[in-house]
Number of protein chains: 2
Amino acid sequence: MMGGVSAKRPIDGGSPRRPGNAFLLAQIGAHAAACFSQRVAELDVTPAQAGLLRLVGREPGQSQQAIAAKLGIPPSRLVLLVDSLEDRDWIERRRNPHDRRHYALYLTDLGTRFLGQQLGPVATAHNDEICAGLDEAERVQLQEFLERIAAHQGLVPGVHPGYRHSSEPT
Amino acid sequence: MMGGVSAKRPIDGGSPRRPGNAFLLAQIGAHAAACFSQRVAELDVTPAQAGLLRLVGREPGQSQQAIAAKLGIPPSRLVLLVDSLEDRDWIERRRNPHDRRHYALYLTDLGTRFLGQQLGPVATAHNDEICAGLDEAERVQLQEFLERIAAHQGLVPGVHPGYRHSSEPT
DNA sequence: TATTGTTATACTCTATAACTATA
DNA sequence: TATAGTTATAGAGTATAACAATA
């Protein structure tokens with residue numbers, strides 16, 4: 001080993017003493033995602049499944065290609081996700097009569113009920129848990145800030161890239 | 001397949017029409033982490049390496065066990081991370097003379113310089129990029145909200161759990 | 001015997017690319 | 001030939017558990 005050693009005392013290292021907004025957002029965002037994951041696990045659902053279910057409910061009738069593009073994932077990955085929801089009888093693949101290569105995805109009645117009666121309340125409770133510590137006015141204010149940031153970053157309203165390989169401590 | 005089909009029209013599905021704060025935090029957080037990952041990649045560094053480097057700079061002299069516990073990762077994973085930083089001559093393992101089982105981690109001079117002159121500016125630029133769209137007063141206000149949330153959620157100031165298996169679309 | 005750090009192994013998740021069918 | 005969906009394979013990243021050294 002070459003290069004001497006320093007730092008008998010704590011060193012700041014160029015980064016601000018207290019974490020900035022970007023770091024806090026990443027930290028809290030990861031925490032929120034982990035909490036949500038734990039909550040939906042009690043319904044035997046993964047976050048990815050929950051997200052797809054919500055997307056199909058919000059914009060039914062789309063092809064798998066369109067959905068995969070919207071989520072920024074390869075179509076091959078979507079297949080297994082769709083399979084898992086179809087196995088539970090929550091969504092349904094319907095052939096497009098005009099072009100039999102396409103499938104169009106729709107919620108089943110069961111899926112609609114699950115989304116509205118099971119997943120919805122869990123998402124609401126999750127949101128409340130994360131916002132604990134902020135009063136109503138502050139939550140509105142925070143939402144405005146976050147929406148502005150999201151718009152500035154070009155993020156699509158209902159979709160987030162929980163797919164990139166990050167993993168980032170401290 | 002049993003269970004009829006519904007949803008000829010878009011369906012809200014119990015979740016709020018516009019994403020709530022928790023969803024926005026997760027979405028923006030993942031985006032911020034991805035941006036940071038891209039930025040530090042230009043320095044040939046992973047987010048995990050950057051985080052460890054900052055942690056060692058902030059609290060030098062800790063054992064690997066202590067750091068692993070703080071980051072919430074298994075010690076075996078930390079070994080490779082420490083190896084990669086030691087290979088670059090940025091940090092150093094020093095034997096504890098009183099208990100030769102322990103190592104204590106310190107920055108080298110080179111690591112101190114890299115942290116201050118390379119990584120620091122990148123982190124600052126990253127923070128500015130994420131906060132684009134908010135003026136100075138709003139950034140301060142946002143930071144206050146985020147710090148309050150982090151405290152309420154019991155998050156340790158410098159450490160975030162970018163380790164759980166989430167992956168969550170929509 | 002307990003603890004620190006390390007190595008070895010196995011498992012999960014994901015993307016890439018080959019394959020089938022429709023057009 | 002091109003496109004939608006599927007299947008198969010391989011790679012990265014991670015945790016679990018066995019191991020060696022020190023106490």
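All chains are named by letter (A, B, ...) in the order of the sequence lines, taking the proteins before the strands, and each is independently numbered beginning at 1.
- If you check the side chains of A:Arg95 and A:Tyr103, you find a donor sitting under 3.5 Å from an acceptor.
- The shortest non-hydrogen separation linking B:Asp89 to B:Thr108 is O-OG1, 2.6 Å.
- The listed nucleotides are C:dA23, D:dT6, C:dG5; the one nearest the side chain of A:Val79 is D:dT6.
- Of the candidates C:dT14, C:dT4, D:dT6, the closest approach to any side-chain atom of A:Arg77 belongs to C:dT14.
- Spacing between atom CD of A:Glu86 and atom P of D:dG5 amounts to 13 Å, rounded to whole angstrom units.
- Here A:Arg93 pairs with A:Asp83, A:Glu86 under the salt bridge (Lys or Arg N to Asp or Glu O under 4.0 Å) rule; sequence neighbours left out.
- Rounded to an integer number of Å, the gap from A:Ile67 CD1 to D:dT6 P is 12 Å.
- Rounded to an integer number of Å, the gap from A:Gln65 CD to C:dA23 P is 15 Å.
- Computed from coordinates, the A:Asp99 CG to C:dA21 C1' distance equals 11 Å when rounded to whole Å.
- The residue among A:Asn96 and A:Pro74 whose nearest nucleotide of DNA chain C is located toward the 5' end is A:Pro74.
- To the nearest angstrom, C1' of D:dT3 lies 16 Å from CG of A:Leu78.
- Comparing C:dT6, D:dT22, D:dT16 by their nearest atom to the side chain of B:Ser76 picks out D:dT16.
- Counting only distance, with no hydrogens or angles, the side chain of A:Gln38 and the backbone of A:Cys35 share no donor-acceptor pair below 3.5 Å.
- Using a 4.0 Å heavy-atom distance criterion, A:Arg93 is classed as a sugar-phosphate-only contact.
- Toward the 5′ end of DNA chain C lies the nearest nucleotide of A:Leu80, the other residue of the pair A:Pro97 and A:Leu80 mapping further downstream.
- The side chain of B:Tyr103 lies closest to C:dG5 when the candidates are D:dA23, C:dG5, D:dG5.
- At distances below 3.5 Å, at least one donor-acceptor pair connects side-chain atoms of A:Arg139 with backbone N or O atoms of A:Leu134.
- When the C1' atom of D:dA23 is taken as reference, atom NE2 of B:His98 falls 14 Å away, rounded to whole Å.
- Distance B:Arg100 CZ to D:dT22 C1': 8 Å, rounded to the nearest Å.
- Taking atom CZ of residue B:Arg95 and atom C1' of nucleotide C:dT3, one finds them 13 Å apart after rounding to whole Å.
- The side chain of B:Gln64 approaches C:dG5 more closely than any other nucleotide in the set D:dT22, D:dT6, C:dG5.
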